[in-house]
Undergrad: 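If you scroll down you'll find the structure; I have some questions about it.
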Number of protein chains: 2
Amino acid sequence: MSEPELRLDAYLPYRLSVASNAVSGLIARSYQDRFGLSVPQWRLICVLAEDDGLTQGQLVARTVMDKVTVSRAAQGLLKRHLVARSDHQADGRSHVLALTHEGQGLHAEIAPLALAYEAALISGLAPDEVALLKRLLGRLQTAAGQLAGDTPG
Amino acid sequence: MSEPELRLDAYLPYRLSVASNAVSGLIARSYQDRFGLSVPQWRLICVLAEDDGLTQGQLVARTVMDKVTVSRAAQGLLKRHLVARSDHQADGRSHVLALTHEGQGLHAEIAPLALAYEAALISGLAPDEVALLKRLLGRLQTAAGQLAGDTPG
DNA sequence: GTGAATTAGTTTCATATGATACCAAAAGCC
DNA sequence: GGCTTTTGGTATCATATGAAACTAATTCAC
């Protein structure tokens, strides 16, 4: 007995999705309005600022985005001269992306805003709660990845 | 000094989005493959199973989805005779939605699967960790809502 | 070396999403 | 009663997304 009750607002995947949508929507709107950047574009800038000279394939791995998404984001940034492309030394199919000076400037401008958003979002939480939250999110992600691989039942 | 470093994989909104996408993708694929249901459709079924006889407006509030999304999901469910519509007693614009017998059957079939997914996802976590996670997600959601209202910056 | 199978990246296409405009019913206002 | 404003829901449109097909370059097998 005791049917294990399924209530939507207690259902973790739902809660996760709603929270993520709220946060992503906030951030996406902000970057779009202020800098004309999509979230994928911003992610590329962010990764390239950490670690310059990556191929799109590497960016796919780093950002957990689809390669089509990365391709389009890169094209947009190219058009705005925020990143530059150079031929890959050893692989003629591949190109190496790097931030231009202008791209670096934009990153320097946005990064504090991004951090301010994060700070505002977690302002009610204790530092150890934040750390735990990040760890739990990582676990969920890997669990989902494993389940997606198997034939879950 | 000490620029407060922005690393993408330590950035909470990013982590949240990636985790949510992984989980949502897993669930969405499963419901689509097995039952031909979209996530919005499933959410409506779920809410209507909890609490029958709601208008679309009420469903919008309950599911935190756009009214267009709810409208379309409802139409899909109507076409498959999983929900039924009756005129609203007091408001001629509005309709009342309720699960059909068939819809209830489908819900009874999916609910255990949904709970199994949740159980699998959190299988590595302690119960109090899960509780905390849900609470923190709620806090993030409300914080994002507040920030979206203000002019943050 | 030559040819088959992979891989990096783009293009194409089909679908999902939400902003906006829209229609009809309801509520306020006088 | 008439008139405007608001609200429930739908239709239209413009954009975002990813799956699949495709191109070109690379690797592997031999």
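Residue numbering restarts at 1 for every chain, and letters A, B, ... go by the order of the sequence lines.
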Undergrad: Please confirm whether the shortest side-chain N or O distance from S71(B) to OP1 or OP2 of dT10(D) is below 4.0 Å.
TA: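 Yes, within the criterion.
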
Undergrad: So S38(A), base contact, sugar-phosphate only, or nothing? Heavy-atom distance under 4.0 Å.
TA: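 Nothing, no nucleic acid heavy atom in range.
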
Undergrad: Would you kindly give the CG-to-P distance between L78(A) and dG9(C), to the nearest whole Å?
TA: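 Rounded to the whole Å, the gap is 12 Å.
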
Undergrad: Please report, rounded to the nearest Å, how far the P atom of dT10(D) is from the CG atom of L77(B).
TA: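 About 12 Å, once rounded to whole Å.
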
Undergrad: Go through the N and O atoms of the side chain of R72(B) and the base of dG18(C), and report whether any donor-acceptor pair is under 3.5 Å.
TA: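 In this structure, the two groups form a donor-acceptor pair.
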
Undergrad: Classify H95(B) by what it touches in the nucleic acid, base, sugar-phosphate, or nothing, heavy-atom distance under 4.0 Å.
TA: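 H95(B): backbone/sugar contact only, no base atoms under 4.0 Å.
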
Undergrad: If you measure from the Lys or Arg side-chain nitrogens to the Asp or Glu carboxylate oxygens, is any gap between E118(B) and K134(B) under 4.0 Å?
TA: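 Yes.
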
Undergrad: Between dA16(D) atom C1' and Y31(A) atom OH, what is the distance in whole Å?
TA: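 Taking OH of Y31(A) and C1' of dA16(D), I get 19 Å after rounding.
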
Undergrad: If you pin D91(B) and D91(A) to their nearest nucleotides in DNA chain D, which one's is more 5'?
TA: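 Its nearest nucleotide being more 5', the pick is D91(B).
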
Undergrad: Would the distance check show the side chain of Y117(A) and the main-chain N or O of P13(B) forming a donor-acceptor pair, the cut-off being under 3.5 Å?
TA: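 No.
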
Undergrad: Mind calculating the distance between CH2 (W42(A)) and C1' (dA16(D)) to the nearest angstrom?
TA: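 These atoms are roughly 21 Å apart.
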
Undergrad: Nearest whole angstrom, please: distance from the C1' of dA19(C) to the CG of D66(B).
TA: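 Answer to the nearest Å: 8 Å.
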
Undergrad: Using atom types as modelled and distance alone, determine if a side-chain donor or acceptor of R15(A) lies under 3.5 Å from a backbone N or O of A10(A).
TA: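 No: the side chain of R15(A) does not pair with the backbone of A10(A).
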
Undergrad: Tell me if a side-chain donor or acceptor on R43(A) pairs with a main-chain N or O of R62(A) at a distance below 3.5 Å.
TA: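 Here the side-chain-to-backbone pair does not exist.
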
Undergrad: Tell me whether the side-chain N/O atoms of Q75(B) come closer than 4.0 Å to OP1 or OP2 in dA11(D).
TA: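 So the side-chain polar atoms of Q75(B) do come within 4.0 Å of the phosphate oxygens OP1 or OP2 of dA11(D), strictly under.
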
Undergrad: How would you label the contact of A90(B) with the nucleic acid (heavy atoms, under 4.0 Å): base, sugar-phosphate, or nothing?
TA: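 If one applies the 4.0 Å heavy-atom cut-off, A90(B) turns out to touch the sugar-phosphate alone, with no base involved.
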
Undergrad: Measure CE/M65(B) against C1'/dA16(C) and give the value in whole Å, please.
TA: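 In whole Å, dA16(C) C1' and M65(B) CE are 13 Å from each other.
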
Undergrad: Out of V64(B), V23(B), V39(B), I27(B), which residue meets the side chain to side chain contact (heavy atoms under 4.5 Å, CB included) rule with Y14(A)?
TA: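 With Y14(A) as partner, V64(B), V23(B), V39(B), I27(B) yield a single side chain to side chain contact (heavy atoms under 4.5 Å, CB included), made by V64(B).
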
Undergrad: Look at the side chain of T55(A) and decide which nucleotide, out of dG9(C), dG9(D), dG18(D), has an atom nearest to it.
TA: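 Selected nucleotide (nearest to the side chain): dG9(C).
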
Undergrad: Atom NZ of K67(B) and atom P of dT10(D): how far apart are they, to the nearest Å?
TA: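 For the pair K67(B) NZ and dT10(D) P, the rounded distance is 10 Å.
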
Undergrad: Name the residue closer to the 5' end of DNA chain C, choosing between Q56(A) and R29(A) according to the nucleotide with the nearest heavy atom.
TA: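 Its nearest nucleotide being more 5', the pick is Q56(A).
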
Undergrad: Donor-acceptor pair, T142(A) side chain versus R139(A) backbone, under 3.5 Å?
TA: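 Checking the backbone N and O of R139(A) against the side chain of T142(A), a donor-acceptor pair under 3.5 Å is found.
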
Undergrad: Looking only at N and O atoms, is any donor in the side chain of R93(A) or the base of dT26(D) less than 3.5 Å from an acceptor on the other one?
TA: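 Not at all, since no donor on one side and acceptor on the other fall under 3.5 Å apart.
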
Undergrad: Look at Q58(B) and dG8(D) and indicate whether a side-chain polar atom (N or O) is within less than 4.0 Å of OP1 or OP2.
TA: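 No, no such contact exists.
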
Undergrad: Considering heavy-atom distances to DNA chain C, does Q32(B) or V68(A) have its closest nucleotide positioned more toward the 5' end?
TA: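 The answer here is V68(A).
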
Undergrad: Starting at atom CG of D87(A), determine the distance to atom C1' of dA25(D), rounded to an integer number of angstrom.
TA: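 For the pair D87(A) CG and dA25(D) C1', the rounded distance is 12 Å.
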
Undergrad: Is the shortest side-chain N/O distance from S94(B) to OP1 or OP2 of dT7(D) below 4.0 Å?
TA: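 No, S94(B) has no side-chain N/O under 4.0 Å of OP1/OP2 on dT7(D).
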
